[in-house]
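Written out below as structure tokens is the structure these notes cover.
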Protein chains: 4
Amino acid sequence: MKTRDRIIQAALELFNESGEPNITTNHIAAHLGISPGNLYYHFRNKEEIIHSIFDEYARDLSIRFQPQGESKVTADNLLGYLDAVFMLMWRYRFFYANLPDILRRDPELQEKYLAAQEGLHQNIMGMMNSFRASELLDLDDDELLSLANTLKLVASSWICYQTTQAAGAKITKAVIYQGVLQMLSIVRPLTTAKGKEQVILLESHYCEQVKRNA
Amino acid sequence: MKTRDRIIQAALELFNESGEPNITTNHIAAHLGISPGNLYYHFRNKEEIIHSIFDEYARDLSIRFQPQGESKVTADNLLGYLDAVFMLMWRYRFFYANLPDILRRDPELQEKYLAAQEGLHQNIMGMMNSFRASELLDLDDDELLSLANTLKLVASSWICYQTTQAAGAKITKAVIYQGVLQMLSIVRPLTTAKGKEQVILLESHYCEQVKRNA
Amino acid sequence: MKTRDRIIQAALELFNESGEPNITTNHIAAHLGISPGNLYYHFRNKEEIIHSIFDEYARDLSIRFQPQGESKVTADNLLGYLDAVFMLMWRYRFFYANLPDILRRDPELQEKYLAAQEGLHQNIMGMMNSFRASELLDLDDDELLSLANTLKLVASSWICYQTTQAAGAKITKAVIYQGVLQMLSIVRPLTTAKGKEQVILLESHYCEQVKRNA
Amino acid sequence: MKTRDRIIQAALELFNESGEPNITTNHIAAHLGISPGNLYYHFRNKEEIIHSIFDEYARDLSIRFQPQGESKVTADNLLGYLDAVFMLMWRYRFFYANLPDILRRDPELQEKYLAAQEGLHQNIMGMMNSFRASELLDLDDDELLSLANTLKLVASSWICYQTTQAAGAKITKAVIYQGVLQMLSIVRPLTTAKGKEQVILLESHYCEQVKRNA
DNA sequence: CATGAATGAGGTTTCATTCAT
DNA sequence: GATGAATGAAACCTCATTCAT
């Protein structure tokens with residue numbers, strides 16, 4: 001792996017562990033056994049590292065969430081999707097722990113972030129629409145939009161929220177899967193009988209995941 | 001107003017405006033036209049200021065949200081409650097913008113925060129139960145708990161989430177009221193016919209508030 | 001007791017306990033439950049407090065060590081004298097722990113200190129001469145002066161020296177009495193047969209004291 | 001010379017000149033024409049500088065005072081030894097001016113110091129034993145131990161003691177040599193006839209040194 | 001590519017001292 | 001006599017960043 005990438009990985013790791021404001025560029029360099037000068041050879045400044053981490057995040061996001069065309073979204077699809085979203089959130093969790101501050105000081109990043117969020121929104125809307133088309137959901141347009149917004153909010157906030165809910169909380173996979181369950185519990189009351197079956201299926205799947213990873 | 005309180009107010013103001021990590025004790029002192037020494041006469045350190053702000057928040061919370069006994073929770077009650085929760089969230093929004101970091105470095109605050117969250121949870125559960133008892137909600141116990149959790153999450157995350165959703169977003173009252181509407185949209189599908197009327201009433205109230213404050 | 005005196009006593013106590021540089025004027029005031037303003041009403045500055053402590057020390061010194069005229073110095077005399085010197089050293093031990101620094105920054109105190117030392121020197125010389133006249137010591141003039149200087153040095157340095165010889169050493173009475181024994185061990189080889197008896201008597205007295213206070 | 005060493009030397013110099021508590025890290029940096037940041041690049045904090053100075057002292061001590069085996073200690077040996085001890089004391093005199101305070105706040109240093117003192121003690125005992133074996137001293141075991149303790153005390157305290165004995169006293173080499181003479185005057189009464197010759201020889205040597213350096 | 005010493009602004013905090021009441 | 005809020009210089013230390021090698 002190239003030094004540049006190693007820096008990004010180390011920074012991500014340390015940021016997640018201790019919070020971005022508590023990790024200095026020297027920490028990152030020391031963690032890798034390289035000199036601060038070398039770090040600054042690869043990155044103009046700390047912000048640029050964060051930027052690059054975000055770029056990786058955005059890339060991960062777009063790779064995993066290709067627009068799935070008109071193909072019907074199945075429960076399996078959804079399952080994969082939910083898994084992936086939360087795993088991403090977890091991989092870049094430091095980011096969510098300080099989002100307002102990080103974005104405030106970097107307008108360019110702010111823009112990129114909004115673009116990514118818009119993509120996420122389109123994805124979720126696409127899926128919801130597909131579900132409705134498949135008669136798994138029974139909603140009018142407004143309700144559908146509301147639901148999508150709620151789900152985006154829950155997904156975006158889940159990890160940050162959980163870290164604050166327990167002293168010294170380590171975010172484990174179990175916590176992630178509980179987030180998925182929370183989202184399913186929001187969806188369930190809005191499903192058709194047919195949809196409900198699917199949701200229950202998914203719920204039992206994630207319940208088991210939670211137990212397995214507890 | 002006493003200097004001690006002026007410091008708390010100034011700190012709160014500046015933290016909200018620029019983020020706690022970006023505001024130094026010197027900033028606060030300068031903003032008030034007092035010496036740094038004076039600030040440290042009233043507070044042992046910066047952390048203690050944050051602590052005091054939190055104490056004020058907790059006090060506000062408990063004053064406004066006295067357990068309402070067995071008295072039936074009316075829609076008006078709820079309206080007042082929702083208003084108040086969001087106003088509090090707004091008043092102490094800097095806090096929510098950095099929660100993971102602030103709590104990580106101050107275990108005592110972490111504990112206080114958890115106690116406050118527990119109180120919030122009890123309140124929400126109380127209200128939901130009351131609604132169910134009044135046959136406004138149609139839910140089993142699990143669903144009720146799920147709902148309460150979702151509402152707490154949305155309430156707790158709303159402001160932080162919104163600040164990230166628009167470039168240079170100023171959190172206005174309109175944004176706050178949109179948060180209330182978001183919560184109502186989650187509740188609505190779970191209501192009885194009787195409950196739905198109430199929700200629709202509340203929604204129209206908050207819609208108007210949003211327009212008025214846009 | 002007047003506030004002024006209480007300040008002196010509290011300062012002495014705290015200085016001895018924690019070292020003068022580590023005790024602020026606020027500590028002293030707080031310890032007494034008075035305001036810093038009040039402290040500064042009675043003393044122009046911290047230095048003046050130290051000055052006043054020294055004055056008390058000098059007074060104690062001169063009270064106890066009146067020139068004893070030509071009256072023969074007996075072993076009992078000596079015993080009382082040694083006791084008193086070391087007790088004084090102990091009472092004002094903070095002073096000896098920082099002497100170079102304290103004197104450097106206060107030339108007036110330096111002068112007072114030298115005067116006190118000169119007095120001490122005269123006393124010791126007087127006693128030694130008296131011993132020699134009583135044929136307890138067998139020394140020429142040079143040797144007598146050397147002895148006096150050594151004794152003054154040992155007495156002056158004993159407590160400071162001991163505090164550095166053991167981790168977290170508390171200076172107890174036993175330590176003080178060991179200092180006296182150390183001085184006697186210096187004197188003994190210089191005594192006449194008659195003198196030796198006396199020294200041995202004194203040594204056994206102080207040995208017992210050490211045991212009793214261990 | 002490396003910056004790290006220059007810092008140590010500058011600190012030593014300034015501490016000796018003005019007392020450790022009166023010299024800040026900024027003083028040291030300014031004295032060297034380097035930035036405070038640079039100083040803190042080489043040392044974590046002020047304490048670490050003091051620690052490093054002590055390490056140098058301990059190294060000097062151990063280099064000069066190798067255990068001299070069973071080889072007879074000659075008067076020349078002793079002369080070299082006394083010279084060296086006092087020169088070391090002088091080189092690191094700031095240390096002796098604040099010993100109780102410096103050790104109190106740094107337990108690790110306290111331990112190192114005690115180890116060094118123990119080494120010193122072993123050396124002195126070794127030499128005294130050797131003298132006795134050579135029939136230069138006429139002492140029983142107790143007396144020998146007493147003597148060693150007195151000598152260690154005098155050596156350890158001499159410079160600190162002298163700085164307090166004269167206004168604005170600069171410690172010169174002459175003062176150092178007077179310290180050696182003081183120690184010899186303690187030893188002399190305990191020597192055999194053969195030993196006395198040696199002591200007188202040494203005394204005349206040091207008398208001349210005092211005159212030359214006055 | 002890489003090193004690592006160096007910078008310097010600025011952060012938090014301390015403390016002897018003052019002064020209006 | 002006494003209070004206690006207020007001052008301000010200065011101490012220690014951090015860290016993003018630069019630059020000669």
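Letters go in sequence order (proteins before strands), and every chain restarts at 1.
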Assert: residue with more 5' nearest nucleotide on DNA chain E, out of B/K46 and A/H42, is A/H42
What is the distance, rounded to the nearest whole Å, between atom CD1 of B/I50 and atom P of E/dT12?
-> 10 Å
Donor-acceptor pair, B/H27 side chain versus B/T24 backbone, under 3.5 Å?
-> yes
When the distance from CG of B/N26 to P of F/dG8 is rounded to whole Å, what number comes out?
-> 13 Å
Looking at side-chain heavy atoms only, is the closest gap between A/I8 and A/F43 below 4.5 Å?
-> yes
Euclidean distance for P, E/dC1 against F/dT21 (whole angstrom) | 23 Å
Gap between atoms CZ and P, on D/F43 and F/dT14 respectively (whole Å) = 15 Å
Under the side-chain contact (heavy atoms from CB on, under 4.5 Å) test, residues paired with B/E13 that sit two or more places apart = B/H31
Would you give the length of the straight line joining atom CD of C/E47 to atom CG of C/D106, rounded to the nearest 0.5 angstrom?
-> 4.5 Å
Map B/E47 and D/I34 onto DNA chain E by nearest heavy atom, then report which one ends up closer to the 5' terminus.
-> D/I34
According to a strict under-4.0 Å criterion, is B/T25 in side-chain N/O contact with OP1 or OP2 of E/dG11?
-> no
C/N22 atom CG is separated from E/dC15 atom C1', nearest whole Å, by 13 Å
Mind calculating the distance between CG (B/L39) and C1' (E/dG11) to the nearest angstrom?
-> 13 Å
Taking both distances under 3.5 Å as the test for a Watson-Crick or G-U pair, what stems of at least three pairs does DNA chain F have?
-> E:2-21 with F:2-21
Run the ring-centre check on D/F54 versus D/Y57 and record whether the distance is less than 6.0 Å.
-> yes
From the options E/dT13, F/dT17, E/dG11, select the nucleotide whose nearest atom is closest to the side chain of B/T24.
-> E/dG11
Take the protein atom CD of D/E20 and the nucleotide atom C1' of F/dC12, then report the distance between them rounded to whole Å.
-> 13 Å
Looking only at E/dT12, F/dA16, E/dG4, the nucleotide nearest the A/P36 side chain is E/dG4
From CD1 of C/I28 across to P of E/dC15 the rounded distance in Å is 12 Å
Within less than 4.0 Å of OP1 or OP2 of E/dT12, is there a side-chain N or O belonging to B/N45?
-> no
Residue pair C/G37/B/G33 against DNA chain F: nearer the 5' end by closest nucleotide is C/G37
Return the value, rounded to whole Å, for the distance between atom CG of C/L32 and atom P of F/dG4.
-> 14 Å
Test item: D/R93 side-chain N/O and D/W90 main-chain N/O as donor-acceptor pair under 3.5 Å = yes
Hey, which of these two, A/Y40 or B/N38, hits DNA chain F nearer its 5' end, going by closest nucleotide?
-> B/N38
Has the side chain of C/S18 got a donor or acceptor atom that lies under 3.5 Å from a matching backbone atom of C/F15?
-> no
Test item: D/N16 side-chain N/O and D/R91 main-chain N/O as donor-acceptor pair under 3.5 Å = yes
Candidates E/dT7, F/dG8, F/dC12 - which lies nearest the side chain of B/S35 = F/dG8
